[in-house]
Amino acid sequence: MSDHGTAHPDLAYEDWPYDDLRDAAFDRARQRHDLQFFVDLMAHTPALTATADEGGSLGETAGSFLETIEACREAFSHTGVGDLEPLFVAVFSTYLREHPEG
């Protein structure tokens with residue numbers, strides 16, 4: 001796991017490359033064992049809404065904590081979020097500011 005906290009020390013989080021910002025937020029949440037971060041994040045995606053509409057639930061589809069993180073990393077790739085990228089940049093930036101390394 002790389003140290004994303006110092007990846008771009010001269011830039012505001014919002015100016016980081018998207019994948020670096022996502023990875024930093026995911027790594028921070030993983031370090032904090034913050035499953036709720038991933039649950040909340042997935043609740044904002046059309047894919048999860050479709051799963052719930054088909055009778056599934058996050059508990060049934062997520063598997064282990066690490067599997068959830070990897071599924072999110074893939075689902076929230078630069079190409080995966082498309083037009084919603086500014087929303088997720090804000091979410092990831094806010095999370096990193098509210099939960100500084102420590």
Side-chain angles (χ1 to χ4, degrees):
M1 176 168 53
S2 64
D3 183 8
H4 294 288
T6 58
H8 305 282
D10 297 331
L11 297 175
Y13 289 127
E14 291 81 4
D15 296 327
W16 284 22
Y18 177 82
D19 288 340
D20 290 354
L21 180 63
R22 178 207 58 207
D23 289 348
F26 282 20
D27 289 349
R28 185 82 42 89
R30 180 179 179 187
Q31 291 167 354
R32 299 181 76 246
H33 305 282
D34 190 354
L35 181 59
Q36 190 62 46
F37 169 76
F38 297 101
V39 171
D40 292 345
L41 190 61
M42 292 190 76
H44 289 93
T45 65
L48 188 64
T49 303
T51 299
D53 290 345
E54 294 172 6
S57 73
L58 184 58
E60 295 170 349
T61 60
S64 75
F65 184 55
L66 294 177
E67 289 170 338
T68 300
I69 294 170
E70 290 312 309
C72 284
R73 194 177 308 271
E74 190 173 314
F76 292 95
S77 68
H78 177 73
T79 56
V81 297
D83 293 340
L84 296 176
E85 184 174 321
L87 168 70
F88 294 113
V89 166
V91 169
F92 299 150
S93 297
T94 299
Y95 187 81
L96 291 169
R97 283 190 185 96
E98 290 178 351
H99 305 286
E101 285 185 298

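These values consider heavy atoms only, across backbone and side chains, with no hydrogens, waters or symmetry-generated copies.
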Query - Validation row: H78, P17 side chains within 4.5 angstrom (heavy atoms) - result: no
Query raised in the report: Is the shortest heavy-atom distance from the side chain of Y13 to the side chain of T94 under 4.5 Å?
Result: no
Report task. Could you tell me the separation between the CG atom of D19 and the OG1 atom of T79, rounded to the nearest 0.5 Å? Result -> 8.0 Å
Query raised in the report: If you round to the nearest 0.5 Å, how far is CG of D27 from CG of D20?
Result: 10.5 Å
Query - Sidechain-backbone polar pair: R28 side chain, H99 backbone, donor-acceptor under 3.5 Å - result: yes
Query raised in the report: Taking R22 for the side chain and F92 for the main chain, is one N or O donor matched with an acceptor at less than 3.5 Å?
Result: no
Report task. Please assess E14 against R97 for the test salt bridge (Lys or Arg N to Asp or Glu O under 4.0 Å), listing each intermediate value before the final yes or no. Result -> CA-CA 11 Å; E14 291 81 4; R97 283 190 185 96; 2.7 Å; yes
For a quick test of reading the model, state the closest non-hydrogen atom pair linking [X] to [Y] and the distance between them.
X: S77; Y: Y18; answer: C-CE2, 3.7 Å
X: L96; Y: L21; answer: CD1-CD1, 3.6 Å
X: Y95; Y: A25; answer: CE2-O, 3.9 Å
X: A29; Y: F37; answer: CB-CD2, 3.4 Å

Query raised in the report: Charged N to carboxylate O under 4.0 angstrom, R30 versus D23?
Result: no
